[in-house]
Undergrad: 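Shown below is the structure under consideration.
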Amino acid sequence: IGAAKLVVVIAIFLLTFYVISQVFEIKMDANLGHIFARSALDAAAHSTKPPRYKCGISKACPEKHFAFKMASGAANVVGPKICVEDNVLMSGVKNNVGRGINVALVNGKTGEPLDTKFFDMWGGDVAPFIEFLKSIQDGTIVLMGTYDDGATKLNEEARKLIAELGSTSITNLGFRDNWVFCGGKGIKTKSPFEQHIKNNKDTNKYEGWPEVVEMEGCIPQKQD
């Protein structure tokens, strides 16, 4: 009797195992089918993925234009970033940014980077900044972004020299305002590339600082 019971138990066990294995096989097959379907969908999505434009801007620039994207600093924690023609000229990662006004110079004809510097407008001296601004050659693209505070040491002469590059907001730039600007030496009009957010304790995103300002666009190549 005991042996008969054991046979029945084993038979039930084997039958149960068989049923379970069949169910799992079906489920596994279904899962495999789902995985293959997903990978096919992913491949299709990948093939229709929009192209990436220079500096990660939202649309391609026309011929004879240089793509750029820039952002001001975030409070006194994350430095500004300036990118032209897919070339990151200044950033915290490159370790070439600093408190004050960060400046990148680019050749207006070729798009080649010429120089990058930052000038401390909180604890520094405005005189070297003024000399730098005066030394910029005609036809040079000038990109500027603030970090922490870019205004305390600015005087009328420095503001006038930046205004001559096409800036309209520089006259109103105040303590800890966030500002990004792209202009040029010898520009005959006001630049369309400028963003400015005032430091205001009621609207600041960070304690003591406004939110980051970002800007992108296409700079016309300088023609002879």
Side-chain angles (χ1 to χ4, degrees), residues 55 57 61 65-75 78-85 87-92 96-108 111 113-122 124 126 128-199 209-222:
C55 291
I57 67 173
C61 288
H65 283 71
F66 303 123
F68 81 94
K69 188 171 186 175
M70 57 195 303
S72 68
V78 180
K81 185 174 180 180
I82 299 174
C83 175
V84 177
E85 284 291 284
N87 189 359
V88 177
L89 305 181
M90 302 187 81
S91 72
N96 64 346
V97 295
R99 180 173 68 181
I101 295 182
N102 293 257
V103 190
L105 304 182
V106 172
N107 186 305
L114 299 173
D115 200 1
T116 59
K117 278 189 169 58
F118 61 87
F119 298 90
D120 186 349
M121 292 293 102
W122 166 251
V126 75
F129 187 32
I130 289 170
E131 289 310 306
F132 178 80
L133 291 168
K134 286 179 175 177
S135 72
I136 299 171
Q137 300 295 305
D138 270 7
T140 302
I141 297 165
V142 185
L143 304 102
M144 297 185 180
T146 53
Y147 181 25
D148 188 351
D149 172 46
T152 298
K153 291 291 180 72
L154 278 182
N155 60 14
E156 284 308 308
E157 186 179 5
R159 290 177 191 269
K160 183 173 180 291
L161 288 165
I162 297 169
E164 287 170 1
L165 299 170
S167 171
T168 49
S169 296
I170 193 62
T171 52
N172 303 316
L173 190 70
F175 172 66
R176 286 187 178 176
D177 288 0
N178 269 344
W179 172 69
V180 287
F181 164 69
C182 175
K185 187 65 177 279
I187 193 170
K188 299 292 189 290
T189 57
K190 295 301 178 187
S191 170
F193 303 123
E194 190 166 27
Q195 296 287 339
H196 178 208
I197 297 183
K198 296 294 289 179
N199 167 25
W209 288 271
E211 65 182 294
V212 171
V213 282
E214 294 183 294
M215 182 171 66
E216 64 175 53
C218 303
I219 309 161
Q221 182 182 4
K222 181 173 168 50

Undergrad: Looking only at non-hydrogen atoms, find the nearest pair between G145 and V180 and report the distance.
TA: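 Taking every non-hydrogen atom into account, CA-CG1, 4.2 Å.
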Undergrad: Okay, side chain of Q137, backbone of S135: is any donor-acceptor separation there less than 3.5 Å?
TA: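 Indeed, once roles are kept as given, a pair shorter than 3.5 Å links the two residues.
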Undergrad: Working to the nearest 0.5 Å, report the span between CG of D148 and CD1 of I101.
TA: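 One gets 12.0 Å once the value is rounded to the nearest 0.5 Å.
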Undergrad: How many angstroms lie between SG in C55 and CD in E216, if you round to the nearest 0.5 Å?
TA: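 Answer rounded to 0.5 Å: 9.5 Å.
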Undergrad: Just verifying a value: how many Å separate L161 CG and F132 CZ, rounded to the nearest 0.5 Å?
TA: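 Atom-to-atom, L161:CG and F132:CZ are 12.0 Å apart.
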Undergrad: Which atoms form the tightest heavy-atom contact between G166 and I187, and what is the distance?
TA: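 Answer, listing the atom of G166 first, then I187: N-CG2, 3.7 Å.
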Undergrad: T146 side chain to S72 main-chain N or O, any donor-acceptor pair under 3.5 Å?
TA: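 Not at all, since once roles are kept as given, no pair shorter than 3.5 Å links the two residues.
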Undergrad: Treating S91 as the side-chain partner and K81 as the backbone partner, does any N or O pair qualify as donor plus acceptor under 3.5 Å?
TA: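 No: the side chain of S91 does not pair with the backbone of K81.
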Undergrad: Between the side chain of K153 and the main-chain N/O of G124, is any donor-acceptor distance below 3.5 Å?
TA: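 Yes; at least one donor-acceptor contact below 3.5 Å.
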Undergrad: Measure from the side-chain N and O atoms of K188 to the backbone N and O of G186, and report whether any donor-acceptor pair falls under 3.5 Å.
TA: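 Yes; at least one donor-acceptor contact below 3.5 Å.
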Undergrad: So which of H196, E194, K190 actually passes side chain to side chain donor-acceptor pair (under 3.5 Å) with S167?
TA: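 Of the listed residues H196, E194, K190, the side chain to side chain donor-acceptor pair (under 3.5 Å) partner of S167 is E194.
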Undergrad: Within this structure, what is the CG-CE distance for the pair D149 and M121, rounded to the nearest 0.5 Å?
TA: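 If we round to the nearest 0.5 Å, D149:CG and M121:CE are 9.5 Å apart.
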Undergrad: Please report the interatomic distance SG(C218) to CD1(I57), rounded to the nearest 0.5 Å.
TA: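 Answer rounded to 0.5 Å: 4.5 Å.
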Undergrad: Measure across K185 and I136 and return the closest heavy-atom pair with its distance rounded to 0.1 Å.
TA: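 Closest heavy-atom pair between K185 and I136: NZ-O, 2.7 Å.
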Undergrad: Could I get the full list of ring pair (Phe, Tyr, Trp, His ring centres under 6.0 Å) partners for F118, not counting sequence neighbours?
TA: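 Residues passing ring pair (Phe, Tyr, Trp, His ring centres under 6.0 Å) with F118: none at all.
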Undergrad: Of all the heavy-atom pairs spanning R159 and A151, show the shortest one and how long it is.
TA: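 Result for this residue pair: NH2-O, 3.7 Å.
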Undergrad: Is the backbone N or O of D120 less than 3.5 Å from a side-chain atom of R99, with the two atoms forming a donor-acceptor pair by type?
TA: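 Flag not set: sc R99 to bb D120 has no pair under 3.5 Å.
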Undergrad: For K160, I'd like to know if atom NZ has over 12 heavy atoms of other residues, nucleotides or ligands within 6.0 Å.
TA: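 Count not over threshold, so no.
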Undergrad: Salt bridge or not between D177 and K198? Use side-chain N to carboxylate O under 4.0 Å.
TA: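 Looking at D177 and K198, the cut-off is met.
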Undergrad: Measure the NZ-CZ distance between K117 and F129 for me, rounded to the nearest 0.5 Å.
TA: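 That separation rounds to 12.0 Å.
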Undergrad: Do L165 and I170 touch side chain to side chain, with heavy atoms closer than 4.5 Å?
TA: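 SC-SC contact between L165 and I170 ruled out.
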Undergrad: State, with a plain yes or no, whether a side-chain heavy atom of L105 is found less than 4.5 Å away from one of V142.
TA: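 Yes, their side chains come closer than 4.5 Å.
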Undergrad: Identify the two heavy atoms, one from W179 and one from M144, that lie closest to each other, and give their separation to 0.1 Å.
TA: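 Answer, listing the atom of W179 first, then M144: CH2-SD, 3.6 Å.
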Undergrad: In terms of ring plane angle, is the pair F68 and F193 parallel, tilted or perpendicular, where the classes change at 30° and 60°?
TA: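 If you compare the ring of F68 with that of F193, the planes turn out perpendicular.
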Undergrad: Tell me which pairs pass salt bridge (Lys or Arg N to Asp or Glu O under 4.0 Å) where either residue lies in residues 128-143, with sequence neighbours left out.
TA: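 For residues 128-143: K134-E157.
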Undergrad: Measure across A104 and L89 and return the closest heavy-atom pair with its distance rounded to 0.1 Å.
TA: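 Between these two residues, the closest heavy atoms are CB-CD1, 3.9 Å.
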Undergrad: Do S169 and F181 come close enough that some side-chain heavy atom pair is under 4.5 Å?
TA: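 They are not in contact (no side-chain heavy atoms under 4.5 Å apart), so the answer is no.
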